[in-house]
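Worksheet: one structure, shown below.
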There are 2 protein chains.
Amino acid sequence: MIHDRIAGGPVPVTIRAMESTSVPSGGSSRREATRQKLYEAAVTLIAEQGFSATTVDEIAERAGVAKGTVYYNFASKSVLFEELLRHGVGLLTASLREAAEQSDRDGGSKVDALDAMIRAGLGFIARYPSFTQLYVAELWRTNRAWQSTLMVVRREVVAAIEDVLREGVAAGEFSDEIDVPLTAAALVGMVLVAALDWQAFQPERSLDDVHASLSRLLQGRVSGSRTA
Amino acid sequence: MIHDRIAGGPVPVTIRAMESTSVPSGGSSRREATRQKLYEAAVTLIAEQGFSATTVDEIAERAGVAKGTVYYNFASKSVLFEELLRHGVGLLTASLREAAEQSDRDGGSKVDALDAMIRAGLGFIARYPSFTQLYVAELWRTNRAWQSTLMVVRREVVAAIEDVLREGVAAGEFSDEIDVPLTAAALVGMVLVAALDWQAFQPERSLDDVHASLSRLLQGRVSGSRTA
DNA sequence: AGTTTTGCACTGACCAGTCAGTTCAAAAAA
DNA sequence: TTTTTTGAACTGACTGGTCAGTGCAAAACT
C-alpha cells in the first residue's frame with residue numbers, strides 16, 4: 001500500500017493507439033504491446049463496472065496476461081487508469097482541434113467550425129464509447145486520487161471549444177452576450193449525452209442523422225416556424 | 001478505517017444532501033426518518049466515491065446509526081441504492097412536470113414550458129447536486145444489478161421532456177422535423193453538464209444567470225447577429 | 001561454430017487486509 | 001407490549017499488491 005520507494009526512473013511512456021492498430025510495426029517492443037492490451041481490457045471493464053468494481057485480476061485475465069504483468073507495467077491500478085484517461089482525452093482534443101482547423105482552412109465560418117467539432121465529437125464517441133462512458137462517470141466525482149488529472153484533462157477539452165466560441169465572438173459571428181465557459185460546457189453536455197443515448201438506445205442511426213438533429217437544435221430551428 | 005479527511009480544508013463543492021422535502025406529512029414514522037437519514041448519508045458518499053468504493057460502515061457512521069440499522073431498514077446495500085435512485089428521480093420528474101403544468105396554467109407557450117423545465121432542472125440540480133452526480137455516473141453503465149431500475153427511471157425523466165416537445169410540435173410551435181427523443185436527450189445533457197459545471201466551478205453564480213445563458217443557447221441566439 | 005551469461009518481460013501462488021452481510025442479546029422508544 | 005435500534009463479534013469471500021522464480025532471445029565468450 002505505502003510506497004516508500006520512489007520510482008527511480010519514471011519511464012517515459014509512449015502510448016500509441018487505444019484500440020489495437022492491427023499493425024504492430026517497428027518500434028513497438030513486447031512491453032508496448034502488453035501495455036496496449038491492458039489499456040484495451042481496462043477501458044471496457046471500467047466503463048461497464050466502474051473503477052472500484054473492476055479488479056486487477058479481471059483486467060489481467062481479459063488482457064490475457066498474468067496479474068504480475070499489470071504491476072510490472074504500471075505502478076498501481078490508479079496509475080493505469082490515469083494514463084488511460086490522459087491518452088484518451090489527448091485523442092479527443094486532437095480530433096476536435098483538427099476539425100476546427102480543417103474547417104478554417106476550408107474558409108468556413110466559426111459556426112461551421114463549431115459544427116465540425118460537434119461532428120468530430122460524435123465521431124470520437126462512436127469510435128470509443130467505452131472511454132466516453134468512463135470519462136463521464138468519473139468527471140464530477142470528488143475526493144478521488146486522480147482528481148487533478150481529471151481537471152487537467154477536462155480543461156483541455158473545454159478550452160478547445162471555448163477558443164472557437166471566443167474567436168466567433170471576436171469576429172462578430174456570435175453574440176457577445178454569450179457566456180463562453182458555460183456555453184462550452186453546455187455544448188459538451190449536449191453532444192455527450194446525445195451521443196451516449198444514440199449509442200445505447202438507437203445504435204442503428206447514422207452519424208449524419210444524429211449530427212443533423214444536433215445542428216438543428218443548436219441553430220435554434222427547434223423553436224421556430226416549420227422550415228420549408 | 002482510515003479517515004484522513006482534512007478538516008476545515010477548502011471544500012471544492014458544497015454538497016447538500018437530499019433534505020426532507022416540504023414535510024411529507026403522511027407515513028412519517030420513526031422508521032421513515034431513519035431511512036431518510038440513510039438516504040442522505042448514502043447519496044453524498046456514493047456521489048463522491050462511487051457505489052463500490054462506499055462501504056456500508058461509512059454510510060451508517062455518516063447517518064449516525066448502527067450498521068445493524070441499515071440492514072433492518074434495507075435488504076442490502078444495492079437495495080438501498082435502488083430505492084435512493086427511485087426516490088430522487090421521483091422528485092425530479094415531479095418538479096419537471098409541475099413546472100410545465102404551471103407554465104401551461106399561466107397560458108405560456110410550449111417554449112415557455114420548456115424554459116420552465118430547464119429552470120426546474122437547474123433548481124433540482126442545485127438543490128441535490130450529489131444525487132445528480134451519482135445519477136450521471138451510473139446512467140450509462142452496463143451489466144449492473146440495478147440496470148433495470150436505472151432504465152425505468154431514465155425513461156421517466158426523458159418522457160417528461162419528450163411530452164412537451166411533442167405537444168409543441170403538434171401545436172406547430174416547434175419544427176416537425178425535430179427528432180424528439182434525441183432532442184430530449186440532448187436537452188437533458190445540456191442542462192446536466194452545464195449545471196454540474198456551474199456547481200463545481202462557478203458556484204457563486206445565480207440560477208437566473210445560468211438559466212439565462214442556457215435559454216440564449218437554446219433559442220439560437222448564439223449564432224446570430226449581436227442582439228441589441 | 002557452440003556454449004554460457006545476461007537481464008528484460010512475465011508469471012501466479014501468496015499475503016495482509018477489507019468488506020458485505022449475519023447474528024443476537026439488550027436497550028430504547030412508542 | 002411491540003417495534004425499532006444498538007453495537008459488537010463473526011464469517012467467508014474477495015482484493016490490491018508482492019516476490020521468488022521461469023522463459024527466452026540476444027549478447028558475450030570460447
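Just so it is clear, the model here is predicted, and its values are computed rather than measured. Sequence lines set the chain letters: A, B, ... in the order given, protein chains first and strands last, and positions in each chain run from 1.
To the nearest angstrom, C1' of C:dC19 lies 12 Å from CD1 of B:I59. Atoms CD (B:E58) and P (C:dT18) sit 12 Å apart, rounded to a whole Å. B:D57 places its CG atom 14 Å from the C1' atom of C:dG17, with the value rounded to the nearest Å. Distance, B:E61 CD to C:dA20 P: 14 Å, rounded to whole Å. Counting to the nearest Å, the C1' atom of C:dT22 and the CZ atom of B:F74 are 18 Å from each other. Across the protein-nucleic acid pair, B:L45 atom CG and C:dA20 atom P stand 12 Å apart, rounded to whole Å.
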**Report entry** side-chain contact (heavy atoms from CB on, under 4.5 Å) between A:D209 and B:L182, worked out
**Finding:** CA-CA 10 Å; A:D209 190 15; B:L182 194 84; over 6 Å; no

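A:D115 and A:S215 are linked by a side-chain donor-acceptor pair at a separation below 3.5 angstrom, with hydrogens and angles left out of the test.
A sub-4.0 Å separation between OP1 or OP2 of D:dT4 and a side-chain N or O of B:T69 is absent.
By the 4.0 Å N-to-carboxylate-O rule, B:E138 lies close enough to B:R141 to be salt-bridged with it.
If A:G64 and B:S78 are placed on DNA chain C by their nearest nucleotide, the residue sitting closer to the 5' end is A:G64. When the nearest nucleotides of DNA chain D are assigned to A:F51 and B:N73 by heavy-atom distance, the more 5′-ward of the two goes with B:N73. Nearer the 5' end of DNA chain D, as judged by each residue's closest nucleotide, is the contact made by A:T54, out of A:T54 and A:G68.
In this structure, A:T55 reaches the sugar-phosphate backbone alone: every heavy-atom distance under 4.0 Å involves primed, P, OP1 or OP2 atoms, never a base.
Candidate nucleotides C:dT11, C:dC10, D:dG7 were compared by shortest atom distance to the side chain of A:R31, and C:dC10 ranks first. Out of D:dT18, C:dG21, D:dT6, the shortest distance to the side chain of A:Y71 is found at D:dT18. In the set C:dG21, D:dT5, C:dC10, D:dT5 carries the atom at the smallest distance from any side-chain atom of B:Y72. For B:K77, whose side chain is taken as the heavy atoms from C-beta onward, the closest listed nucleotide among C:dG21, D:dG17, D:dT4 is C:dG21. Residue B:V65 places its side chain closer to D:dT6 than to any other of D:dG16, C:dC10, D:dT6.
Cation-pi geometry between B:K77 and B:F51 is met: under 6.0 angstrom from the ring centre, within 45 degrees of the axis. Relative to the six-membered ring of A:F74, A:R35 meets both conditions, a distance below 6.0 Å and an angle of at most 45° to the axis.
Contact of A:K67 with D:dG17 (side chain to base): a donor-acceptor pair of N or O atoms is detected under 3.5 Å.
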